[in-house]
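Shown next, in structure tokens, is the structure this report addresses.
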Amino acid sequence: MSHTLPALPYSLNALEPHMDAMTVELHWSKHHQTYITKLNEALPAFSDRISLDLASLQKVVAGTNAAVINNAGGHYNHCLYWQNLAPIGSSNPQPFGDLAGLIDSSFGSFDEFKQKFTTAAVSRFASGWAFLTLKNDGTLAVHNTPGHDNPLMDGIGDVHGIPILTCDIWEHAYYLKYQNRRPEFVENWWRIVNWDAVVNNFEKYAKNGQAVPF
Amino acid sequence: MLFRRFAKFTLPKLPFTDNSLEPIYDKKTISFHWGKHHQTYVDKLNQAVGENDYTLLDIIQNQSQNSLPLRNHGGGHYNHCLFWLCLGSNSSEQPSGKLLAHIQKQWGDFSKFKNEFNQAAINTFGSGWAWLSVNPEGKLVISSSQNQDNPLMKGIFKANAVPFFTIDVWEHAYYLQYQNKRPEFVDKFWKVVNWKQVEDMYEKYALQQRPVPVDKILG
């Protein structure tokens, strides 16, 4: 199968002012597209993985090569990232239902979870991602990864499970508007998190041991 | 009050004025890159060093493998110092003298070397650097590194060598002007290389297998 760039669920300027239109356009149509192009170039060398859907592919990238790992991860992570965002006011501003309860029991409160996630996002040195992940043992974890690694990748990284929320902290995600001010970017990113989508990721997929499909 | 034998690390002055590399490398980028990013490495390096009397070279070559903050922020400080030293206006198209001869001897001609260096810079995944170094056998080697790692770092960099020419390919180095177009940034970088300074660092240090004391040179 040939992987393709998914449509954004909102217009390029819909996340203003927290995320500027030019960043969304470049990030989606150039950076994300490039990961897909390179993934499609690199995959044919691995005939047993070429027809896997994107989520299933994540599990088995270890043992391929850097081109597949980096670009498969890049493609998946960006799909989750776009899905996790919504114009301010268009979704619940906080988690709800069972996920809210689990966040409270795991981290103490939503604010404490937010602080922990922010620290994970701000403290990852150089390029990477911050994740909220439902681990295989049923507990929630906040963590970060280098490059485009993600917790679906068996054999890669320390934390494994199903990511339901992610923040991209590669400089291209924020440099045009925020330059070196990554903490300010993350503060603004919280304002546009699509908690409806995140709760759905948890209820429909993660709780059932399934990766969010794209 | 504790007396420090070595002064705390400080952000050095740039060896060129912040607008003199326009339009290739604009004033806004330079001011963020030097005034914010490099300054932050210096600040965090000082935090990580604490009361220890490490020199920058000792941090890069030896301490970096023992401490992640020293590796990241020491590397950040060293690498940016070397990068500034490689830049200048009134750039010639290519080096001359011994360095040019050495490049031609190993690659046949300068453009073949340039292409290989460009590929190293363009293909570095995520944040990192491309390097030209002299190895212990006296050969010129092109390499790349992730994050703020550098060829001097023992126990971290596979084959240690003495770097004297580098390009920063972290996105902050080019994003304001070039966005995702890293290849264009890398291509234009050659127009603002201070070959005189690079040749000096090659002859005085790298060829002798002495690490370039970048912070001392910048003063």
Side-chain angles (χ1 to χ4, degrees), chain A residues 5 20-39 41-42 61 65-74 77-78 122-129 144-150 156 168-185, chain B residues 11 26-45 47-48 64 67-76 79-80 122-129 144-150 156 168-185:
Chain A
L5 185 68
D20 57 303
M22 186 170 226
T23 293
V24 176
E25 181 170 7
L26 279 167
H27 199 173
W28 170 75
S29 73
K30 304 286 181 196
H31 292 276
H32 188 175
Q33 176 63 70
T34 300
Y35 295 125
I36 296 167
T37 305
K38 288 187 168 178
L39 175 62
E41 279 166 15
V61 288
N65 58 23
V68 171
I69 297 172
N70 293 338
N71 293 298
N77 297 350
H78 285 88
V122 161
S123 65
R124 165 50 64 176
F125 187 71
S127 309
W129 297 75
N144 59 40
T145 61
H148 288 313
D149 293 354
N150 70 47
I156 293 175
D168 186 351
I169 52 85
W170 281 58
E171 286 174 327
H172 64 239
Y174 58 89
Y175 210 79
L176 291 183
K177 188 175 167 81
Y178 298 98
Q179 292 86 56
N180 61 305
R181 303 182 304 281
R182 194 197 290 181
E184 195 185 322
F185 160 67
Chain B
L11 182 69
D26 70 4
K27 178 176 172 163
K28 189 175 182 191
T29 299
I30 298 285
S31 80
F32 274 105
H33 201 173
W34 170 78
K36 303 287 182 190
H37 291 275
H38 190 173
Q39 178 70 73
T40 301
Y41 287 120
V42 170
D43 293 342
K44 290 189 169 178
L45 175 60
Q47 271 170 34
S64 52
S67 153
L68 195 54
L70 287 181
R71 173 179 176 174
N72 288 342
H73 305 300
N79 298 345
H80 285 87
I122 290 164
N123 296 327
T124 297
F125 176 67
S127 308
W129 298 72
S144 62
S145 66
Q146 298 276 256
N147 301 349
Q148 295 296 346
D149 291 349
N150 139 339
I156 289 170
D168 186 349
V169 290
W170 280 58
E171 287 170 329
H172 66 240
Y174 57 88
Y175 211 81
L176 293 180
Q177 280 184 271
Y178 298 92
Q179 292 87 56
N180 62 305
K181 302 188 292 287
R182 190 196 279 183
E184 192 184 323
F185 164 68

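No experiment lies behind these values; they were computed from the predicted model shown. Order of the sequence lines fixes the chain letters, A, B, ..., with proteins taken first and strands second; residue numbering starts at 1 for each chain.
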Exercise for the section: Could you tell me which portion of A/H172 (side chain, backbone, both or neither) has an atom closer than 4.5 angstrom to a non-hydrogen atom of chain B? Expected result: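 Both parts, backbone and side chain.
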Handout entry: A/E171 side chain near B/Y174 side chain, heavy-atom distance below 4.5 Å
Key =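 With C-beta onward as the side chain, the pair stays apart.
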Handout entry: B/E171 side chain reached by A/Y174 side chain, heavy atoms, under 4.5 Å
Key =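 They are not in contact (no side-chain heavy atoms under 4.5 Å apart), so the answer is no.
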Practice task
List the atom of A/G147, the atom of B/F125, and the distance in Å for their closest heavy-atom pair.
Solution key: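 Shortest heavy-atom contact: CA-CE2, 3.8 Å.
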Problem - B/K181 atom NZ: more than 12 heavy-atom contacts under 6.0 Å - result: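 Enclosed: over 12 neighbouring heavy atoms sit under 6.0 Å from NZ of B/K181.
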Handout entry: Other residues, nucleotides, ligands: >12 heavy atoms within 6.0 Å of A/K38 NZ
Key =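 At most 12 heavy atoms, drawn from other residues, nucleotides or ligands, come within 6.0 Å of this atom.
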Handout entry: Residue B/H172 versus chain A: region with a heavy atom under 4.5 Å
Key =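 Both backbone and side chain.
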Handout entry: B/Q146, part contacting chain A, at a heavy-atom distance under 4.5 Å
Key =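 Neither part; nothing is under 4.5 Å.
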Handout entry: Pairwise distance OH(B/Y175) to CG(A/L26) - rounded to 0.5 angstrom
Key =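 Answer rounded to 0.5 Å: 4.5 Å.
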